[in-house]
There are 2 protein chains.
Amino acid sequence: MVNEQEFLAGYDPRAYPAVAVTADVVALTIRDGELQVLLIQRAAPPFAGFWALPGGFVRPEEDIAAAARREFAEETGLGGEPLRRVHFEQLASYGTPERDPRMRIFSIAYLAFAPDLPEPSAGSDAGDAQWLPVTALSTRELAFDHRKIVEDGLERARSKLEYTPLATRFVGEEFTIADLREVYETVWGHALHAGNFHRKVLSVPGLVEGTGATTEHGGPRGGPRARLYRAGDARLLHPALLRPAREETVR
Amino acid sequence: MVNEQEFLAGYDPRAYPAVAVTADVVALTIRDGELQVLLIQRAAPPFAGFWALPGGFVRPEEDIAAAARREFAEETGLGGEPLRRVHFEQLASYGTPERDPRMRIFSIAYLAFAPDLPEPSAGSDAGDAQWLPVTALSTRELAFDHRKIVEDGLERARSKLEYTPLATRFVGEEFTIADLREVYETVWGHALHAGNFHRKVLSVPGLVEGTGATTEHGGPRGGPRARLYRAGDARLLHPALLRPAREETVR
DNA sequence: GGAATAGTGTCTTTAAGACACTATGTC
DNA sequence: GACATAGTGTCTTAAAGACACTATTCC
């Protein structure tokens with residue numbers, strides 16, 4: 001074997017088997033009080049019949065984030081202002097040599113958060129696309145390493161609720177404190193104390209700002225009208241809204 | 001123009017200009033009481049003479065993390081147990097189309113943390129390699145988008161000190177509380193209150209565990225011998241060691 | 001002896017959480 | 001009227017930070 005130096009000096013990626021880069025999207029929304037993730041049923045091999053994240057090759061001259069948005073838009077049919085309101089952030093990259101049997105494919109995963117989205121329309125390379133409650137993920141066979149990617153995305157989402165105003169991306173432009181609490185409860189999977197949550201949210205500078213208005217009606221099962229709020233200008237929450245202690249998971 | 005569906009169905013990355021994937025490393029250490037980052041001076045175009053992060057193409061059949069470790073090892077000359085003690089984690093990926101003038105190159109950046117490392121030996125594709133105090137970064141011209149990558153790495157490091165025991169990776173196997181405090185002060189760029197820091201570190205479960213031993217001597221300018229500690233088994237700190245409030249940077 | 005540092009004691013302030021309660025709405 | 005919910009009051013506990021102090025060691 002040649003030594004490292006010679007190998008490196010002569011190393012030219014063009015002389016080696018081609019690699020490709022895809023942008024895959026873990027798109028999360030809250031529908032029917034459940035946290036749901038967007039999945040596509042694959043029509044063609046490999047993993048035909050399995051469910052996969054929306055995604056595809058990053059095109060020449062296309063930015064990675066743009067590719068992620070494009071794939072998301074294609075599968076959801078979303079565009080214009082609604083699409084612009086969706087929050088995208090890079091999650092992580094995945095590239096073990098054997099993750100795709102066809103060739104070496106690196107996947108750069110993005111996380112997308114959007115309020116209550118409609119049922120998606122399928123793209124051409126997908127037999128079917130649908131929102132799946134994350135609690136039902138264990139019943140589906142996921143293609144490639146997409147189960148790991150979804151898990152990483154869920155953990156990122158749970159953790160970002162703590163110290164960013166991300167929760168406001170899961171609700172409409174105007175929302176009540178109870179709407180926001182439902183987001184936290186759904187993503188964290190814990191019931192929260194309504195009174196303490198209320199006070200806490202209002203005490204964090206820049207998290208929400210009141211609109212002066214209230215809901216038109218009380219809740220479906222009674223209760224007074226709730227005040228309406230907009231997202232504030234904070235980009236980090238201080239102090240943070242920490243998850244109930246999870247000392248068990250810490251070691 | 002063909003519509004999206006046709007485009008996608010016929011899209012084959014092998015029919016398009018080749019792309020390549022590199023693993024680049026933001027390697028941080030604390031030397032001489034300063035946070036330093038490992039840089040390589042480029043010998044060949046593009047960006048000849050500029051400073052760059054150690055890194056290189058991910059080889060066929062090679063995992064991305066393995067490529068990052070290999071590049072780091074090549075530049076530092078580290079191996080065996082010392083290399084194994086270095087903490088690596090994926091930082092983020094960078095892939096704007098124009099970031100490398102030669103071809104489309106996606107960079108998957110890793111963050112490495114290591115205690116006080118020796119002066120590095122240069123690899124073959126580098127005219128020179130050296131540790132640079134991060135405070136001196138503004139005096140150097142960095143190649144590609146490496147300045148942005150370093151900044152992202154620094155912010156990640158600062159933030160990870162808060163809620164993980166990462167600081168213990170910047171010190172030797174046995175350390176004093178003052179050693180640990182120096183890490184926090186150096187990475188955060190703030191002086192911390194010695195007494196409160198001491199109590200806080202000991203109060204976080206699993207952050208450190210005592211060895212029973214103390215230093216051989218007091219400090220160079222006096223003071224009693226300090227007790228020695230090892231890293232504990234916590235993987236997350238609870239409660240966290242939060243940075244002094246930065247309300248200014250929050251909006 | 002003078003000075004610096006390790007480690008502890010104590011008090012104040014802030015934040016989190018438990019619990020209770022009032023007012024307002026739905027059915 | 002029964003019941004659920006929005007929003008607030010109050011108390012307890014945990015944690016962060018300011019400050020002071022003792023004991024130990026170097027020069």
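A, B, ... follow the sequence lines: proteins, then strands. Residue 1 opens every chain. Source: prediction; values computed, not measured.
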> Specify the separation, in whole Å, of atom CG of B:Leu180 and atom P of C:dG7.
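About 12 Å, once rounded to whole Å.
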> Out of curiosity, A:His198 NE2 to A:Arg227 CZ, how far, rounded to the nearest 0.5 Å?
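The distance works out to 6.0 Å.
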> Are any of B:His198's side-chain N or O atoms less than 4.0 Å away from OP1 or OP2 of C:dG7?
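Yes, B:His198 has a side-chain N/O under 4.0 Å of OP1/OP2 on C:dG7.
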> Measure the shortest side-chain to side-chain distance between A:Val26 and A:Tyr110 over non-hydrogen atoms and say whether it is less than 4.5 angstrom.
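No, too far: nothing below the 4.5 Å cut-off.
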> Nearest 0.5 angstrom please: A:Lys200 NZ to A:His193 NE2, how far?
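Those atoms lie 15.0 Å apart.
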> For DNA chain D, what residues of residues 209-227 of chain B have any heavy atom nearer than 4.0 Å?
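Listed by number, they are B:His217, B:Gly218, B:Gly219, B:Pro220, B:Gly222, B:Gly223, B:Pro224, B:Arg225.
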> Round to the nearest Å and state the distance from B:Glu182 atom CD to C:dA6 atom P.
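After rounding, the reported distance stands at 11 Å.
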> Report yes or no: does B:Arg147 contribute a side-chain atom to a donor-acceptor pair with the main-chain N or O of B:Arg140 at less than 3.5 Å?
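Indeed, once roles are kept as given, a pair shorter than 3.5 Å links the two residues.
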> Side chain to side chain donor-acceptor pair (under 3.5 Å) with A:His87: which residues, sequence neighbours excluded?
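A:His87: side chain to side chain donor-acceptor pair (under 3.5 Å) contacts with A:Glu89.
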> Separation of B:Arg181 atom CZ from C:dT5 atom P, in whole Å?
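Going from CZ in B:Arg181 over to P in C:dT5 covers 8 Å.
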> Rounded to whole Å, how long is the line connecting atom CG of A:Leu192 with atom P of C:dA16?
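About 13 Å, once rounded to whole Å.
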> If you assign each of A:Leu202 and B:Pro239 to its closest nucleotide in DNA chain D, which residue comes earlier from the 5' end?
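Nearest nucleotide further toward 5': that of A:Leu202.
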> Check the angle between the aromatic planes of B:His146 and B:Phe144 and answer parallel, tilted or perpendicular using the 30° and 60° thresholds.
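The rings of B:His146 and B:Phe144 sit tilted, inter-plane angle from 30° to 60°.
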> Side chain to side chain donor-acceptor pair (under 3.5 Å) with B:Tyr94: which of B:Asp152, B:Asp145, B:Asp24?
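Option passing the side chain to side chain donor-acceptor pair (under 3.5 Å) with B:Tyr94: B:Asp152.
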> Whole angstrom is fine here: how far is it from CZ in A:Phe197 over to P in D:dT5?
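After rounding, the reported distance stands at 16 Å.
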> Return yes when atom CD of B:Glu34 has more than 12 non-hydrogen atoms of other residues, nucleotides or ligands closer than 6.0 Å, and no otherwise.
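Enclosed.
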> Using whole Å, report how far NE2 of A:His238 lies from P of D:dA16.
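The answer, rounded to whole Å, is 11 Å.
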> Can you tabulate the close N/O pairs, meaning under 3.5 Å, that link protein atoms to atoms of nucleotides 19-21 of chain C?
none

> Starting at CG of B:Leu242 and ending at P of C:dT14, how long is that distance when rounded to a whole Å?
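That distance rounds to 16 Å.
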> So B:Arg230 and B:Glu173, salt bridge (Lys or Arg N to Asp or Glu O under 4.0 Å) or not? Walk me through it.
CA-CA 6 Å; B:Arg230 266 189 297 270; B:Glu173 199 144 359; over 6 Å; no
> Tell me the interatomic distance from A:Leu237, atom CG, to C:dA16, atom P, rounded to whole angstroms.
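To the nearest whole Å, that distance equals 11 Å.
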> Looking at D:dA16, I'd like to know if its phosphate oxygens (OP1 or OP2) sit under 4.0 Å from a side-chain N or O belonging to B:Lys200.
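Answer yes for this pair, as a side-chain N or O of B:Lys200 is under 4.0 Å from OP1 or OP2.
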> Just checking A:Ala194: base, sugar-phosphate only, or nothing, at a heavy-atom cut-off of under 4.0 Å?
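Nothing, no nucleic acid heavy atom in range.
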